[in-house]
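Note that this is a predicted model, so its numbers are computed, not measured. Remember, it's 1-based here, ligands and their atoms both numbered in the order they're listed.
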Amino acid sequence: MYQKPVTPTKRFCNKLKQIATLFVLMATAILLSHASGQAQQAALIKTPPALTGIHKTPSDKELPREKFIDALMAKMTLEEKLGQLNLPSAGDFTTGEAKNSDIAASIRQGKVGGLFNIKSEKKIRAIQEIAVKQSRLRIPLIFGMDVIHGYETIFPIPLGLSTSWDMELIRQSAKAAAKEASADGICWTFSPMVDISRDPRWGRVSEGNGEDPYLGSQIAKAMVEGYQGDLSSNENILACVKHFALYGAVEAGRDYNTVDMSHLQMFNDYFPPYKAAVDAGVGSVMASFNLVDGIPASGNKWLLTDVLRKRWGFKGFVVSDYTGIPEMMAHGMGDYQDVSALSLNAGLDMDMVGEGFLKTLAASLKEGKVAEEQINAACRRILEAKYDLGLFKDPFKYCDAVRAETQVFTKANKDFARKVAAASMVLLKNENKTLPLKKNTRIALIGPLADAANQMTGTWSVAANNTGVLSLLQAMKLAVTDSSQILYAPGSNLTTDSMLQKNATLFGKTLPRYQKLPEVLRTEAVKTAQRADVIVAALGESAEFSGEASSRTDIGLPDVQKDLLQALVATGKPVILVLFNGRPLTLSWEAKHVTSILDTWFGGTMAAPAITDILFGVVNPSAKLTMTFPQNVGQIPLYYNHMNTGRPLPKGEWFQKFRSNYLDVSNLPVYPFGYGLSYTDFSYGKMRLSDSTLQGNAKLEVTVPVTNNGDRDGQEIVQLYIRDMIGSVSRPVQQLKGFKKIMIPKGQTVDVHFTVGVDDLKFYNSQLDYNWEAGDFEIMAGPNSQDVQIQKVHWDK
Ligand code: BGC
């Protein structure tokens, strides 16, 4: 029976039990691989049952998918079918309580369909051996993992990746992650996470792609293509788009909180990235924890069947999130048996950790609460995925010791990760062209994140290999000719808030605690800074300030760091703020007072060398924000594609009585969506449109001349927005509809082209029909969502 979350002591005991289980499995694996004869093996494991199963003849394995699965399912008992729907956690790393302490026994009994949270080809092989040699029907397991932004070689956190606006780079990063994970036994990743969010308090914005449905959809597609490619290759793995749906809209940014949203907003703003993943052929979908229309997603038939399968034509399988099914008891949806039946009937196929399917569906079937067809349909979908992955042909397709040895954490992947990390860093300010730094400058590197190598890989990098990962201090010393040019002082602890410090430690990536008083650390830092020409302040959040269960109500720099920064600015030296952060931060003071700001997110394995590439000008920054940076938490939700009000504030004003605004701050963000600078300067010429009146399926050609006025080549992300001026439902003031990331050589002008068609004008109306409506439209182009030039067109049916 499902139990409520456990106390830390119990969690520790459970962990010990899991470790003991894994130890037994590992020992079995090692012994098995070393045992020389049948006799030794038989002593260790139960003798496999006679070969009555599907692997009897090779020709069976060649059957087309439907026939193969029909034949297999005809042999399966109800218990074995329910076993396929069961996904326990092996417990190598976990986000909750692992329930099954004797996984090996359950596998032998045919009670497990897949396993996750297990790392290494050896362990996976050992467990797959149990499934295909010791269970009655020898059905292989599927092995999943949260391969979110890389496997052992870690790329920037997804929010950072998204700021590259480079779909090919993102696709290649997913492909590289798939290649590494698949070399180590994994065939299924719980990624991409595509939850749109407008609330930076929510810690999981670090795992997503920001606030925009158009960009989010492009990224969802690129990620699915990167992971899955052609599944016949053992270098590709099954993707799982998550968390379906609306998880990014949790109230007050508090994780696992409730969501309440109109269908119009769902369809127009929050659903598109999930749908894009489905259109790109994603093999699986993870249901979210939150309510959708008052019913938790895991038990929501409208969502999982009517929208996902009937409307969008999804053909893969749906897995719950971690204990998502039994958590519906707390939502008030009934007891363990009720919620499990509710979930199956809604269209959910695989139960992650909850074990409600395994333990209660037989009773529900007897009592007529679920139908056998529904169990069969779920079982079939899991088997189809295994078939598509080629596991019936070769259960060890992803277990190749040579690949595990040679294709993981390679130099090529690390070099690529360095390029991706640099492409994701956003230059937010650069007064007096202080950056790039000259190599012979004397630099004071100050801050609690300056020498913190273990923070670089950020959140959700459970399989990260930390060997050789450098801190910024180490990387900077390597980057200059004489390492004595780099002076260093920590300056402060990350925070003096003991609760924040204590709570943000899920995966143990703690920072050293300096025992000195804040004033003492600060004074030492100021003295160090005074000996330098320029100050680089490495400040921000630790890796565990964002990610799952890491919401914050104050998203500014912790006070002790702000005090440090103010003291550094007071020295009168130029201060370059190098930010580490898993979310947009409130940076009003910083944006006014420091000289330069480089937002580096958590850049992954090669974050530190990539930061130095930017600081010293080896790479010219080109990234732009994908989520608005508000002035303060009170403005949230603040996002560029909002609706108009009946009393909008005139552009350029910041307060008028009886208008939609605040008494104390303007409506503007500190940095808007789409914003980011380069070391060179771009200017935009007048946008040209092919027509001002169009009809039907005509195409509007938009041309934007962009000039590189600076003294070095640079990449610019040119953005195209539209506004539908009049509609049967109110339309946003601005919507991204295109972007181009292009390299413009110094001194040159490039004409950037966009084609707008009626598909770009479509939206869901109040009947949830997807269509466009004739009328006036504004076409906008610019370097970010705020600085756009506008022209009008009229489009008739
Ligand atoms: C998270 C998912 C993750 C799962 C498995 C859950 O707590 O919400 O995103 O895939 O754990 O680790």
Side-chain angles (χ1 to χ4, degrees), residues 2 5-6 11 15 18 86-100 113-119 142-151 157-159 174 177 181 186-197 202-209 220 223 227 237-250 253-257 259 273-274 277 282-291 296-298 317-328 330 348 350-355 458-464 506-507 544 546-551 582:
Y2 171 73
V6 281
R11 197 183 288 270
K15 193 89 207 161
Q18 289 164 24
N86 187 32
L87 177 69
S89 163
D92 272 7
F93 5 79
T94 173
T95 55
E97 180 195 0
K99 307 179 64 52
N100 189 331
L115 203 57
F116 74 109
N117 282 348
I118 175 166
K119 181 173 187 283
I142 182 171
F143 290 92
M145 190 191 275
D146 290 283
V147 180
I148 306 294
H149 50 114
Y151 181 67
I157 55 166
L159 184 61
I186 300 297
C187 57
W188 179 30
T189 176
F190 305 135
S191 173
M193 189 280 219
V194 302
D195 304 322
I196 294 294
S197 185
W202 190 46
R204 302 199 78 170
V205 299
S206 56
E207 299 172 44
N209 306 311
M223 295 286 289
Y227 287 133
I237 60 179
L238 200 72
C240 180
V241 68
K242 69 188 188 186
H243 305 83
F244 191 59
L246 320 180
Y247 186 27
V250 283
R254 181 155 55 80
D255 211 357
Y256 317 120
N257 205 0
V259 172
Y274 309 112
V282 73
S284 63
V285 169
M286 187 184 291
S288 58
F289 289 123
N290 52 278
L291 300 184
S298 312
F317 71 95
V318 179
V319 61
S320 78
D321 201 346
Y322 206 107
T323 58
I325 297 175
E327 284 175 27
M328 287 198 285
L348 195 142
M350 198 173 212
D351 175 356
M352 186 192 283
V353 184
E355 296 191 350
T459 184
W460 265 138
S461 47
V462 284
L506 179 64
F507 294 114
E544 298 189 4
S546 62
E548 185 168 352
S550 302
S551 296

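Counting the atoms of ligand 1 from 1 in the order shown, those under 4.0 Å from a heavy atom of Asp321 are 1 (C), 2 (C), 3 (C), 4 (C), 6 (C), 7 (O), 8 (O), 11 (O). Within the listing of ligand 1, atoms 1 (C), 6 (C), 7 (O), 8 (O) sit less than 4.0 angstrom from a heavy atom of Glu548. Close approach to Phe116 involves these atoms of ligand 1, each under 4.0 Å from a residue heavy atom: 5 (C), 12 (O). For ligand 1, the atoms sitting less than 4.0 Å from at least one non-hydrogen atom of Phe190 are 10 (O), numbered in the order shown with element in parentheses. Residue Tyr322 approaches ligand 1 through these ligand atoms, each under 4.0 Å from one of its heavy atoms: 6 (C), 7 (O), 11 (O). Ligand 1 places these atoms under 4.0 Å from at least one heavy atom of Lys242: 2 (C), 3 (C), 9 (O), 10 (O). Of all atoms in ligand 1, listed by their number and element, those nearer than 4.0 Å to a heavy atom of Arg204 are 1 (C), 2 (C), 8 (O), 9 (O).
Judged by distance alone, with hydrogens and angles left aside, the side-chain atoms of Asn290 form a donor-acceptor pair with the main-chain N or O of Ala245 at under 3.5 Å. Of the possible donor and acceptor atoms, one in the side chain of Ser284 sits under 3.5 Å from a partner among the backbone N and O of Ala239. The backbone N or O of Thr459 sits less than 3.5 Å from a side-chain atom of His149, completing a donor-acceptor pair. Side-chain N or O atoms of Ser320 include none that pairs as donor or acceptor with a backbone N or O of Ser298 at under 3.5 Å. Within the 3.5 Å criterion, the main-chain N or O of Val194 finds no donor-acceptor partner in the side chain of Asn209.
Within the 4.0 Å heavy-atom cutoff, Met286 counts among the residues contacting ligand 1. Heavy atoms of Glu207 stay at 4.0 angstrom or farther from ligand 1. Assignment of Trp460 to the shell around ligand 1 is supported, since a heavy atom sits closer than 4.0 Å.
In terms of polar-atom proximity, His243 is counted as a contact of ligand 1, with an N or O under 3.5 Å from an N or O of the ligand.
For Tyr274, the ring-ring contact (aromatic ring centres under 6.0 Å, His included) test picks out Phe244, with sequence neighbours left out. Evaluation of the ring-ring contact (aromatic ring centres under 6.0 Å, His included) rule for Phe317 yields Trp188 as partners, not counting sequence neighbours.
Below 30°, between 30° and 60°, or above 60°: for Tyr256 and Phe289 the angle between ring planes is above 60°, a perpendicular geometry.
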